[in-house]
Amino acid sequence: MNKSRLASRRWWYIMPIVFITYSLAYVDRSNFSFASAAGINDDLHITKGMSSLLGALFFLGYFFFQIPGTIYAERRSVKKLIFWCLLLWGGFASLTGVVTNIPMLAVIRFALGVVEAAVMPAMLVYISNWFTKSERSRANTFLILGNPVTVLWMSVLSGYLIKSFGWREMFIFEGIPAVIWAIIWWFSVKDKPEEVSWLSEQEKKALAEQLEEEQKDIQAVGGYREAFRSRNVIFLCLQYFFWSIGVYGFVLWLPSILRDGKSMGMVEAGWLSSVPYLAATIAMILVSWASDKMQNRKLFVWPLLLVGALAFFGSWAAGTNNFWLSYSLLVVAAAAMYAPYGPFFAIIPEMLPKNVSGGAMALINSLGALGSFFGSWFVGYLNGSTGSPAASFIFMAVSLLLSAGLTLVVRPRKAAMKPKGKVSLT
């Protein structure tokens with residue numbers, strides 16, 4: 001059997017689907033930042049404080065419903081869960097374009113968070129069914145690349161849509177692709193390698209044996225309660241909470257921060273908003289490759305978070321009078337915040353057995369959602385109450401410093417030595 005052929009086929013069959021699915025989820029959660037910068041607040045008479053709460057409300061729904069959805073994906077079917085989520089989040093995203101009052105907008109933002117809640121951990125569970133330890137950081141990165149790559153092109157597209165039509169039409173147009181993709185997803189995806197026809201029986205067996213072999217090196221855990229109480233999971237939850245404060249405080253309010261720092265139209269704001277995500281995309285690919293090569297996950301997490309914190313401090317020090325220096329440091333901060341995602345999510349299935357790793361990823365991601373809620377709300381609040389992004393830069397920098405420190409105290413299992421005679425799938 002040709003091992004390299006098996007490896008390449010999995011990448012070509014699985015990863016485009018994974019990437020597009022998460023990309024569509026990210027469009028429908030982050031375009032609210034452009035509506036906030038483009039007039040939704042004036043049209044619906046939303047105060048600055050209420051605007052920050054509405055932007056963050058998505059993450060509250062995301063927090064409450066993540067673990068139940070992921071347990072269903074782990075025990076039943078990723079395929080069915082994501083199919084219904086795609087239909088519902090596309091529908092809710094488009095409905096945002098027809099809201100006429102604040103309560104209706106609040107309900108839709110919360111509902112959008114509920115139906116997207118299990119997407120990230122469910123997709124990580126899906127990847128763990130298809131890719132081995134030596135591939136997992138890169139596979140996770142291709143999933144999470146849906147985040148910065150989507151914001152990159154969405155920033156430009158949303159700017160043009162708002163200029164040509166308005167914020168309402170932007171929501172409607174950008175929600176429709178998720179509904180269409182749900183149909184494609186249903187006919188393209190199988191939950192497990194043994195269910196597909198494009199792998200031979202020998203190839204399925206080789207993959208299953210290698211995945212099973214990796215589980216032998218992981219200490220058994222009786223159930224979710226034991227896993228959730230473990231020292232590493234608790235520290236990773238706290239780490240991801242503070243990390244997400246920085247990421248989503250940045251993502252949700254970047255267009256508004258740019259327009260407050262320099263007079264510009266929505267198209268220019270869209271182009272400038274896209275550059276940090278281009279840098280983030282390149283950094284994520286390089287870091288995930290190096291992490292898989294060296295099999296050292298923490299080394300590619302905490303130093304980058306530290307760089308992100310220092311970049312935010314630098315942007316604060318540069319001030320609004322040095323717009324281009326401050327902006328350049330924000331580009332560095334974005335790249336540093338996004339780059340560690342692949343290695344970070346490879347840590348969990350390498351220290352917990354398959355029966356609980358999905359639930360643990362959901363718990364960690366749900367704490368991240370709580371951090372996202374707090375970060376996106378408080379950054380919006382600070383920007384509105386102070387009239388400048390300076391205080392929010394300090395807030396995000398401190399959050400990333402705490403996240404970097406918490407990464408250092410996590411003690412994942414060291415990678416086991418590869419048994420002699422085993423043939424790699426990569």
Side-chain angles (χ1 to χ4, degrees), residues 10-11 14-26 29 62-63 65-83 85-86 116-148 150 185 189-193 211 214-215 218 221 224 227-228 232-233 236-237 239-241 243-244 247 284 287-288 291-292 297 300-301 338-369 372 410 412:
R10 282 179 296 128
W11 288 99
I14 302 297
M15 296 321 298
I17 295 171
V18 163
F19 174 81
I20 292 170
T21 304
Y22 193 60
S23 294
L24 292 173
Y26 216 80
R29 78 177 63 169
Y62 200 82
F63 168 72
F65 290 88
Q66 190 149 150
I67 293 176
T70 307
I71 291 174
Y72 175 88
E74 193 170 52
R75 295 180 175 177
R76 302 290 294 276
S77 173
V78 173
K79 175 180 176 176
K80 291 178 183 177
L81 177 73
I82 300 297
F83 171 74
C85 287
L86 278 162
E116 283 193 30
V119 174
M120 171 74 160
M123 296 300 272
L124 290 168
V125 169
Y126 184 64
I127 284 171
S128 71
N129 291 333
W130 285 90
F131 294 94
T132 63
K133 182 178 178 179
S134 63
E135 305 165 315
R136 208 163 283 142
S137 179
R138 283 167 292 159
N140 290 344
T141 294
F142 274 100
L143 164 67
I144 303 164
L145 274 175
N147 175 325
T150 297
W185 166 275
V189 169
K190 301 292 183 184
D191 282 303
K192 302 286 179 64
L211 292 171
E214 291 173 0
Q215 291 293 302
I218 301 174
V221 175
Y224 290 117
F228 292 174
N232 279 342
V233 170
L236 286 172
C237 285
Q239 189 264 17
Y240 200 48
F241 173 86
W243 183 359
S244 297
V247 171
M284 287 177 74
V287 166
S288 66
S291 171
D292 275 345
R297 308 307 186 187
F300 294 95
V301 178
Y338 275 97
Y341 272 121
F344 176 78
F345 281 107
I347 290 173
I348 302 153
E350 291 173 10
M351 71 180 186
L352 288 173
K354 199 172 182 63
N355 66 311
V356 294
S357 61
M361 285 189 285
L363 179 67
I364 292 164
N365 210 39
S366 67
L367 265 291
S372 303
V410 174

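FYI, side chains are in, hydrogens and waters are out, and symmetry mates aren't considered; it's all heavy atoms of this structure.
With sequence neighbours excluded, the residues forming a ring-ring contact (aromatic ring centres under 6.0 Å, His included) with F142 are W11, listed by chain and number. Evaluation of the side chain to side chain contact (heavy atoms under 4.5 Å, CB included) rule for I67 yields I71, A362, L363, S366 as partners, not counting sequence neighbours. Under the rule for a side-chain hydrogen bond (donor to acceptor under 3.5 Å, both in side chains), the partners of D292 that lie at least two apart in sequence or sit in another chain are R138, R297. Taking F65 as the reference, nothing meets the ring-ring contact (aromatic ring centres under 6.0 Å, His included) condition, with sequence neighbours excluded. For S244, there are no side-chain hydrogen bond (donor to acceptor under 3.5 Å, both in side chains) partners at least two apart in sequence or on another chain. For K79, the side chain to side chain contact (heavy atoms under 4.5 Å, CB included) test picks out S77, W185, W186, V189, K190, D191, with sequence neighbours left out. Qualifying ring-ring contact (aromatic ring centres under 6.0 Å, His included) partners for F228, counting only residues two or more places apart in sequence or in other chains: Y224. By the ring-ring contact (aromatic ring centres under 6.0 Å, His included) test, F344 pairs with Y240, W243, sequence neighbours left out. S128 meets the side-chain hydrogen bond (donor to acceptor under 3.5 Å, both in side chains) test with no other residue; sequence neighbours excluded.
Side-chain atoms of T141 come within 3.5 Å of backbone N or O of S137 as a donor-acceptor pair. When atom types are taken as modelled, the side chain of Q66 and the backbone of F63 share no donor-acceptor pair closer than 3.5 angstrom.
From E135, atom CD reaches atom CZ of R10 across 4.0 Å, with rounding to the nearest 0.5 Å. One finds the OH atom of Y22 at 4.5 Å from the CE atom of M120 (value rounded to the nearest 0.5 Å). Separating the CE atom in M361 from the CG atom in L124 is a distance of 5.0 Å, to the nearest 0.5 Å. Taken from CZ in R75 to OG1 in T70, the straight-line distance is 11.5 Å, to the nearest 0.5 Å. Separating the CD1 atom in I82 from the CD1 atom in I17 is a distance of 12.5 Å, to the nearest 0.5 Å. Q239 contributes atom CD, which lies 11.5 Å from atom CG of N232 (distance to the nearest 0.5 angstrom).
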Report task. Quick one: do F131 and I14 satisfy side-chain contact (heavy atoms from CB on, under 4.5 Å)? Show the steps, please. Result -> CA-CA 10 Å; F131 294 94; I14 302 297; 3.9 Å; yes
Query raised in the report: Do N365 and F345 pass the side-chain contact (heavy atoms from CB on, under 4.5 Å) test, and can you show the C-alpha distance, the side-chain angles, and the key distance before you say yes or no?
Result: CA-CA 10 Å; N365 210 39; F345 281 107; 3.9 Å; yes
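Across all their heavy atoms, V233 and I364 have their closest contact at O-CG1, 4.3 Å. In terms of heavy-atom proximity, V119 sits nearest to C85 at CG2-CB, 4.4 Å. Of all heavy-atom pairs between V247 and Y338, the closest is CG1-OH, 4.0 Å. Of all non-hydrogen atoms in G342 and I144, the two that sit nearest each other are N-CD1, 4.4 Å. Contact record, G69 with L81: O-CD2, 3.4 Å, taken as the closest heavy-atom pair. For the pair L211 and T132, the tightest heavy-atom approach, listed with the atom from each and the gap, is CD2-CA, 4.0 Å.
Between P340 and V287, every side-chain heavy-atom pair lies at or beyond the 4.5 Å cut-off. Using a 4.5 Å heavy-atom threshold, the side chains of V18 and Y126 count as touching.
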